[in-house]
Protein chains: 2
Amino acid sequence: MANIKTAPEGFGALADPTRRTIFERLAKKPSAVGELARGLPVSRPAVSQHLKVLKEAGLVHETAEGTRHIYRLDPRGIAAMRDWLDAHWTSAMEAFREFADRQQHDEEGRE
Amino acid sequence: MANIKTAPEGFGALADPTRRTIFERLAKKPSAVGELARGLPVSRPAVSQHLKVLKEAGLVHETAEGTRHIYRLDPRGIAAMRDWLDAHWTSAMEAFREFADRQQHDEEGRE
DNA sequence: ACTTAACGTAAGTGATATCTTACGGTAAGT
DNA sequence: ACTTACCGTAAGATATCACTTACGTTAAGT
């Protein structure tokens, strides 16, 4: 099971638009830092800082190839966030359905 | 299908610890604002502001009962975030598995 | 009608986040 | 050995965020 304690960090990590773009870029293809910086409206050091946040959240994994640092998505971090959402989704689903049904029933009774 | 364009807003909404606590509280039981403020280390207006963010992210739904405003989780917003994660999870899973296999193979060859 | 309860919003403040430029370190190429 | 490529970190500036107090509104109770 994925470590659910790291899930909250993930939300903070994906809260920033630039980091989401990086995340989506890595989903398509593992990339180096400079490679990511090209095509982004921020500097290369900024990308490094974003990758650090993503890494500490357990969402990406880093490996070195010479001086190049290759980053790729870590599915375990993503799974942790999914699990966190799922843990609440079920109860929310039931409660909301019950509420929606009652809401509809009340409106029908009023017509 | 849930509107995937609202998903990113959700990450920002759940990035704050206090909002996550509110979120978890609502998962257990729909509640009014003052009711939520009790037991939280922040003021009632702060809770109102947090609920506004959660609402704009599509994560909660508001209904009025007299002067009391009842908030409950909106499963559609949660589903949107889940879908966003799932969209990247699959490709990340495959790429990472391939990477991990190759990594292990390399290490075996070195022994 | 008056009071009370519950809530949202405005304004201001302190903390945090994100960005930049500057710098230092490591590995590869010549 | 020297240069070049690639990267992380430090320091500082600006923008954004979360919080508080003060205020106005609406609905219920007496």
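Computation of the quantities below employed the complete heavy-atom set of this structure, encompassing side-chain atoms and omitting hydrogens, waters and symmetry-equivalent molecules. A note on names: the letters A, B, ... follow the listed sequences, proteins ahead of strands, and every chain is numbered from 1. Fair warning: this is a prediction, and the values are worked out from it, not measured in the lab.
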Look only at the side chain of B:R20 and the backbone of B:A15, and say whether a donor-acceptor pair between them is shorter than 3.5 Å.
yes
Provide, to the nearest angstrom, the distance between the CD atom belonging to B:E56 and the P atom belonging to D:dC17.
12 Å
Rounded to whole Å, how long is the line connecting atom NE2 of B:H69 with atom P of C:dA5?
17 Å
Checking all strands, does A:A64 fall into the base, sugar-phosphate, or nothing category for heavy-atom contacts under 4.0 angstrom?
nothing
Any side-chain heavy atom of A:L59 within less than 4.5 Å of one from A:L14?
yes
Length of the CG-P vector between B:L51 and D:dC19, whole Å
12 Å
Can you measure A:I22 atom CD1 to D:dC7 atom P for me and round it to whole angstrom units?
13 Å
Can you tell me the distance, in whole Å, between the CD1 atom of B:I70 and the P atom of D:dA27?
15 Å
Do the ring planes of B:W84 and A:F23 sit parallel (below 30°), tilted (30 to 60°) or perpendicular (above 60°)?
parallel
Ignoring hydrogens and angles, tell me if any N or O in the side chain of B:R19 forms a donor-acceptor pair with the backbone of B:L54 under 3.5 Å.
no
Figure out the CG/P separation between B:L14 and D:dA18, and round it to whole Å.
12 Å
So, do B:H61 and B:Y71 have ring centers that fall under 6.0 Å from each other?
no
Salt bridge (charged side-chain N to carboxylate O under 4.0 Å, His left out) contacts in which one or both residues fall within residues 23-47 of chain A, not counting sequence neighbours
A:K29-A:E35, A:E35-A:R68
Determine: side-chain N/O of B:Y71 to OP1/OP2 of C:dG8, distance under 4.0 Å, yes or no.
yes
Could you list all the ring-ring contact (aromatic ring centres under 6.0 Å, His included) pairs where at least one residue sits in residues 40-60 of chain B, not counting sequence neighbours?
none
What does the B/S/- profile of nucleotides 18-29 of chain C look like, 5' to 3', with a 4.0 Å heavy-atom cutoff to protein?
SBBBB---BBS-
How close or far is atom P of D:dC17 from atom CD of B:E9, stated in whole angstroms?
11 Å
Without decimals, in angstroms, what is the distance between A:E62 CD and D:dC6 C1'?
12 Å
Which one, C:dC7, C:dT9, D:dC7, comes nearest to the side chain of B:R68?
C:dC7
